[in-house]
Amino acid sequence: MKIYNSLTRNKSLLQQKAVTIYSCGPTVYNYIHIGNARPAILMDVLVRFLKSKNITVDYLQNITDIDDKIIAKAIEENKTEKEISKFYTKAYIDDLKSLNIFMPNKLEPISKHIDKMIIFINDLIEQGYAYNVDGDVYFAINKWKPEYGELSGRKPEELISGERVEIDLKKKNPLDFSLWKKTNVGKTWNSPFGEGRPGWHTECALLIEDYFNGETIDIHSGGIDLKFPHHENERIQYLAHNQKELSCIWMHNGHLNLNDEKMSKSIGNVFLVKDFVKEYNANILRWIFLSTNYKQPLNLTDDLIEQAKKFFDKLENLRKKVILSKTIFERIEKSKIKNYVRDFEEAMDNDLNTSLVLSIIEELIKHINQVVNQKVHFDCIFTLFGQLKHTLETLGFTDLLNVEIQEADEIKLKKWNQLILDKKFEQADVLRAELEKKGLM
């Protein structure tokens, strides 16, 4: 399998039988919006596909339950930080379940690892890659100038002029970033550097080192907005601390826009996952994300939602046709069967080309409709139908294409068909209405 690597700007080969993955999780101070769901669904599709090929996956994701935003939310609602983080962690897990997303092997709150983070930061100081200024600890970028900026594709001087860089007179270099923040606001911890709490960029580096035993993982994923500074700072710490790369492959998904405007909590134009699933459903959102290459920005519009609805209408109509063919059609002749699963796997192996996959599915739906209309041998229909079910299930779609029916309903379908043949249309219409309510016609 080939996956585009943000670090090398080329497709990297993934061919091992056991794959390690890390994905940045949420800061739990609010419900996640559908833009936050894009990387989660991307990784879910990748994990499902790898498992379908009998590849073992060890998947870690963090929960940022220590952050200024959590403190602000706690103050606003007159609650403790723990109450806020616990509530929204549960909400996040509930959203993952509602989206039919496989839970990571480990979903880890960073608050459980403060002692290890302090050791990690202290190691960097002793190695000469970080420095303490009156209780604030910073990573020294000058020690790693040739490597810093490789992930974002820019030189340090370009980053300074091109990005918003926090102004702090304590820093030796404007790009030096915080490993430990001296503060007495919110929950704090004692450390050799003084009272405070760890910086955001350090938590992922520490979790990866701790969970994967200091080894280079296979895939690190996240939204494109995290490439700089978060992932850049994550990577450079890991390089310094372990003298090896953090990840072989960096996967970044594009932004999600809502009617041509970037979705952002700060702007306020967010569509929460829980609201989207309630108004539409999880399959609609998954189809929307698969309709465009994951690396590209995606613009969510009413028209795109309607396209998704039409896709599932086709599947539902096909399901009903297959039930009829299974129940009442004669078996006449066999038809040549194309291997659509092979085409599906080839598209997925090429950097998760899901837009091509959806085209393959459309072709498969058309083929099944053709053989159903021709009343060919049902074994042929069901073989093609099985390929469609396998493809959809591997992509993570749920509750689709169930053609198993009760014996009583099968008898009614046959009776309806006989009424049509006998031209007893009024009686057939009454029975048809009953079958339609059950979703069988």
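Nothing fancy with the numbering, it's 1 onward along the sequence.
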Taking NZ, NE, NH1 and NH2 as the nitrogens, is one of them in Lys309 or Asp302 under 4.0 Å from a carboxylate oxygen of the other? no
Testing the 3.5 Å rule here: is there a donor-acceptor pair between the side chains of Asn350 and Lys11? yes
Exercise: identify the closest heavy-atom pair between Ala130 and Leu179: CB-CD1, 3.7 Å
Within 45° cone and under 6.0 Å: Lys274 NZ/CZ vs Tyr31 ring: yes
Under 3.5 Å, is there a donor-acceptor pair between the Asp303 and Gln307 side chains? yes
Could you check whether Lys170 makes a cation-pi contact with Tyr138, meaning its NZ or CZ is under 6.0 Å from the centre of the six-membered ring and within 45° of the ring axis? no
Have Asn293 and Lys295 got a donor and an acceptor in their side chains that come within less than 3.5 Å? yes
Ile368 vs Lys321 side-chain heavy atoms within contact, under 4.5 Å: no
For Asp399, is the CG atom crowded, meaning more than 12 foreign heavy atoms sit under 6.0 Å from it? no
Are there more than 12 heavy atoms of other residues, nucleotides or ligands under 6.0 Å from atom NZ of Lys79? no
Value rounded to 0.5 Å, distance of NE2 in His252 from CG in Leu42: 11.0 Å
Taking only Lys NZ, Arg NE, NH1 and NH2, and the carboxylate oxygens of Asp or Glu, determine whether Arg432 and Glu436 approach each other closer than 4.0 Å. yes
Do other residues, nucleotides or ligands put more than 12 heavy atoms under 6.0 Å from the NZ atom of Lys86? no
Glu363 bridged to Lys366 by N-O distance under 4.0 Å: no
Check Asp210 with Lys112, please: is the shortest side-chain N to carboxylate O separation under 4.0 Å? no
In terms of heavy-atom contacts, does NZ of Lys227 have more than 12 from other residues, nucleotides or ligands at under 6.0 Å? yes
In terms of the angle between their ring planes, are Phe311 and Trp287 parallel, tilted or perpendicular, with boundaries placed at 30° and 60°? tilted
Heavy-atom donor-acceptor pair, Arg38 side chain to Phe289 backbone, under 3.5 Å: no
If you draw a 6.0 Å radius around NZ in Lys244, do more than 12 non-hydrogen atoms from other residues or ligands fall strictly inside? yes
Do the side-chain N and O atoms of Tyr211 and Asp58 include a donor-acceptor pair separated by under 3.5 angstrom? yes
Would you say Leu207 and Lys106 make side-chain contact, with heavy atoms under 4.5 Å? no
Does atom NZ of Lys143 have more than 12 heavy-atom neighbours, drawn from other residues, nucleotides or ligands, at distances under 6.0 Å? no
Any side-chain donor paired with an acceptor under 3.5 Å for Thr64 and Asn62? yes
Regarding Ser85 and Asp65, do their side chains bring together a donor and an acceptor under 3.5 Å, going by distance alone? no
Should the heavy atoms of other residues, nucleotides or ligands under 6.0 Å from CD of Glu76 be counted, would the total exceed 12? yes
For Asn339, side chain to side chain contact (heavy atoms under 4.5 Å, CB included) partners two or more places apart: Val341, Arg342, Gln387
Charged N to carboxylate O below 4.0 Å: is that the case for Lys314 and Glu362? yes
For residues Tyr22 and His220, establish whether the separation of their ring centroids is below 6.0 Å. yes
Does a donor on one side chain sit under 3.5 Å from an acceptor on the other, for Asn299 and Asp260? yes
Taking NZ, NE, NH1 and NH2 as the nitrogens, is one of them in Arg48 or Glu393 under 4.0 Å from a carboxylate oxygen of the other? no
What do the steps show when you test Phe312 against Phe397 for ring pair (Phe, Tyr, Trp, His ring centres under 6.0 Å), and what is the final call? CA-CA 10 Å; Phe312 292 106; Phe397 292 111; 5.6 Å; yes
Is the shortest side-chain N to carboxylate O distance from Lys73 to Glu81 below 4.0 Å? no
Check Thr216 against Glu245 and note the closest heavy-atom contact, atom names and distance. OG1-O, 2.5 Å
Positive for ring pair (Phe, Tyr, Trp, His ring centres under 6.0 Å) with His201, one of Phe177, Tyr238, Phe139: Phe177
Please work out which of the three classes, parallel, tilted or perpendicular, describes the rings of Tyr280 and Phe276, given edges at 30° and 60°. tilted
